[in-house]
Amino acid sequence: FLFSHAGFATGVPALIPYPQNVEWKPNPFSLDEVVYLSYDIHRNDRVILEIRELLIRSGVNDIEETNLNFSAGKDKIIRIVLRPVPGISQYEGYQLTVFPGEITIEAKNKAGIYRGVQTLKQLVVKNKGKFQIKGCRIRDWPAFAIRGFMQDVGRNYMPVALLKEQIDVMAAYKFNVFHLHLTDNPGWRLESKIYPELKNAGTMSRWPGKYYSQEEFTGLVNYCHDRFITLVPEFDVPGHCDAFRKAFGLDSMSDPRVKPVLLDLIDELCN
């Protein structure tokens, strides 16, 4: 979580990427008391889990959770509301309002709500030892439909935990596409049940024997999905295929044996 300290010189937290429209309000929402959390989605939804974690990290020890229908009149309340926002039609758009006694994040879908929660995290500042959320009214939607990051694990294998750490940072800054470059000359990094020879250490010139099991791969897909990020896998062919050719004893990717193997691998990946 990224608590802003850069805002003290100007009184304004640093927001990245900067929202489409921001109106700053003079009074913050204090996080040193009981906070009610009101929502009409599943309590174990990723959005709710991240808000809970934000509150706990900010020193809130008493989080009272309630359905939207039972939240009237509560002081210090955070509302999550799934509904269309007038004037915001974009898929990931949202509106976030912060007043001293109430925070509301509203969007027509959970993707928008999730983006709003990422902005909420950046609004948390520590002032005289206490956490506050800067008062504001924010209306926001992406400037670009695709906001991506590519990692080349074909050349440089990275443990799943490190990839998840990068995905978390992507989510914090509202990226929505993770391009995973799984194959290159140094190694074919995705396990195949049909062609297990692809994961043999002898085919790899860097990080020999390092690959992702199918279970690890689907785990990464789901980890991204929970954060409204699309994982796009790449098989780099017909170039950059030294590891592939070593696995099958091929001199050239123009060998007629290549095409049926690649079709099998693509079908396996899609399944």
Side-chain angles (χ1 to χ4, degrees), residues 1-2 13 15-25 28-29 35-55 63-74 76-124 133-149 167-179 221-232:
F1 287 99
L2 308 174
L15 299 179
I16 303 173
Y18 201 77
Q20 298 286 345
N21 183 270
V22 180
E23 300 173 29
W24 296 112
K25 304 294 183 183
F29 183 102
V35 173
Y36 287 87
L37 182 54
S38 170
Y39 51 88
D40 59 357
I41 56 181
H42 196 279
R43 73 181 310 273
N44 290 327
D45 192 281
R46 182 77 209 167
V47 168
I48 304 304
L49 294 176
E50 291 201 15
I51 293 176
R52 280 197 209 106
E53 189 171 349
L54 169 65
L55 294 174
I63 304 171
E64 300 287 341
E65 301 189 36
T66 176
N67 185 279
L68 284 174
N69 296 328
F70 299 97
S71 60
K74 300 293 186 185
K76 294 293 179 184
I77 189 165
I78 299 176
R79 303 178 193 273
I80 305 299
V81 185
L82 276 171
R83 66 185 176 201
V85 181
I88 300 179
S89 60
Q90 290 81 355
Y91 173 69
E92 298 171 89
Y94 65 91
Q95 179 169 275
L96 167 62
T97 54
V98 180
F99 295 105
E102 179 176 324
I103 295 172
T104 302
I105 303 174
E106 51 192 321
K108 66 180 180 180
N109 53 46
K110 284 194 286 187
I113 295 291
Y114 189 79
R115 303 304 182 212
V117 170
Q118 306 318 305
T119 299
L120 182 69
K121 294 176 188 178
Q122 294 187 13
L123 291 169
V124 178
I133 297 179
K134 175 70 175 175
C136 63
R137 179 177 182 267
I138 292 175
R139 293 168 61 81
D140 192 25
W141 54 88
F144 303 97
I146 296 175
R147 305 173 308 280
F149 175 75
I167 293 164
D168 286 339
V169 175
M170 290 175 62
Y173 293 111
K174 305 184 179 74
F175 283 69
N176 66 356
V177 173
F178 184 33
H179 175 177
V221 172
N222 292 331
Y223 196 84
C224 286
H225 183 264
D226 288 344
R227 290 152 181 79
F228 299 91
I229 295 171
T230 299
L231 189 150
V232 179

Are any non-hydrogen side-chain atoms of Leu54 and Val117 less than 4.5 angstrom apart? no
Within the 4.5 Å heavy-atom criterion, are Phe29 and Pro100 side-chain neighbours or not? no
Below 4.5 Å, heavy atoms only, C-beta onward: do Ile138 and Val98 meet side chain to side chain? no
Check the angle between the aromatic planes of Phe178 and Phe149 and answer parallel, tilted or perpendicular using the 30° and 60° thresholds. parallel
Could you give the distance from CZ (Arg147) to CE (Met170), rounded to the nearest 0.5 Å? 9.5 Å
At their closest point, which heavy atom of Pro84 faces which heavy atom of Lys108, and how far apart are they? CA-CB, 3.9 Å
Would you check if Leu49 and Glu53 make a side-chain contact, meaning some heavy-atom pair closer than 4.5 Å? no
Going by side-chain contact (heavy atoms from CB on, under 4.5 Å), name the residues that satisfy it together with Val177, two or more places apart in sequence or in a different chain. Ile146, Val232
Could you go through Arg115 and Asp140, starting from their C-alpha distance and side-chain angles, then the distance that decides it, and tell me whether this counts as salt bridge (Lys or Arg N to Asp or Glu O under 4.0 Å)? CA-CA 9 Å; Arg115 303 304 182 212; Asp140 192 25; over 6 Å; no
Between the CD atom in Glu102 and the CZ atom in Arg79, the distance rounded to the nearest 0.5 Å is 4.0 Å
State whether the side chain of Asn176 and the backbone N or O of Phe228 hold a donor-acceptor pair below 3.5 Å, judged by distance alone. no
Might you point out which heavy atoms bring Tyr114 and Arg227 nearest each other, and give the distance in Å? OH-CG, 3.2 Å
Any side-chain heavy atom of Lys110 within less than 4.5 Å of one from Leu82? yes
Looking at Val85, is its backbone amide N or carbonyl O close enough to the side chain of Glu106 to form a donor-acceptor pair, meaning the two atoms are under 3.5 Å apart? no
What residues, two or more places apart in sequence or in another chain, satisfy ring-ring contact (aromatic ring centres under 6.0 Å, His included) together with Tyr94? none
Might you point out which heavy atoms bring Glu92 and Ala111 nearest each other, and give the distance in Å? CG-CB, 4.4 Å
Hey, are the side chains of Ile80 and Ile51 touching, using non-hydrogen atoms and a 4.5 Å cut-off? yes
Is it true that, when you exclude His225 itself, more than 12 heavy atoms of the residues, nucleotides or ligands shown sit nearer than 6.0 Å to its NE2? no
Can you name the nearest heavy-atom pair linking Gly148 to Phe175, along with the distance? O-CE2, 3.5 Å
Here the pair of heavy atoms bringing Arg139 nearest to Pro86 is NH2-O, 2.7 Å
Examine the side chains of Glu65 and Tyr39 and answer whether a donor and an acceptor come within less than 3.5 Å of each other. yes
Distance in Å, Leu15 CG paired with Tyr173 OH, rounded so as to fall on 0.5 Å steps: 10.5 Å
What's the shortest heavy-atom distance between Cys224 and Ile167, and which atoms? SG-CD1, 3.6 Å
Would you say the side-chain atoms of Thr97 and Gln95 include a donor-acceptor pair closer than 3.5 Å? no
How long is the span from the CD1 atom in Ile113 to the CD1 atom in Ile48, to the nearest 0.5 Å? 8.5 Å
Heavy-atom side-chain contact between Gln90 and Gln20 under 4.5 Å: no
ring-ring contact (aromatic ring centres under 6.0 Å, His included) involving Tyr223 - partner list, sequence neighbours excluded: none
Evaluate side chain to side chain contact (heavy atoms under 4.5 Å, CB included) for Ile103 paired with Leu96, printing each intermediate quantity in order. CA-CA 7 Å; Ile103 295 172; Leu96 167 62; 3.8 Å; yes
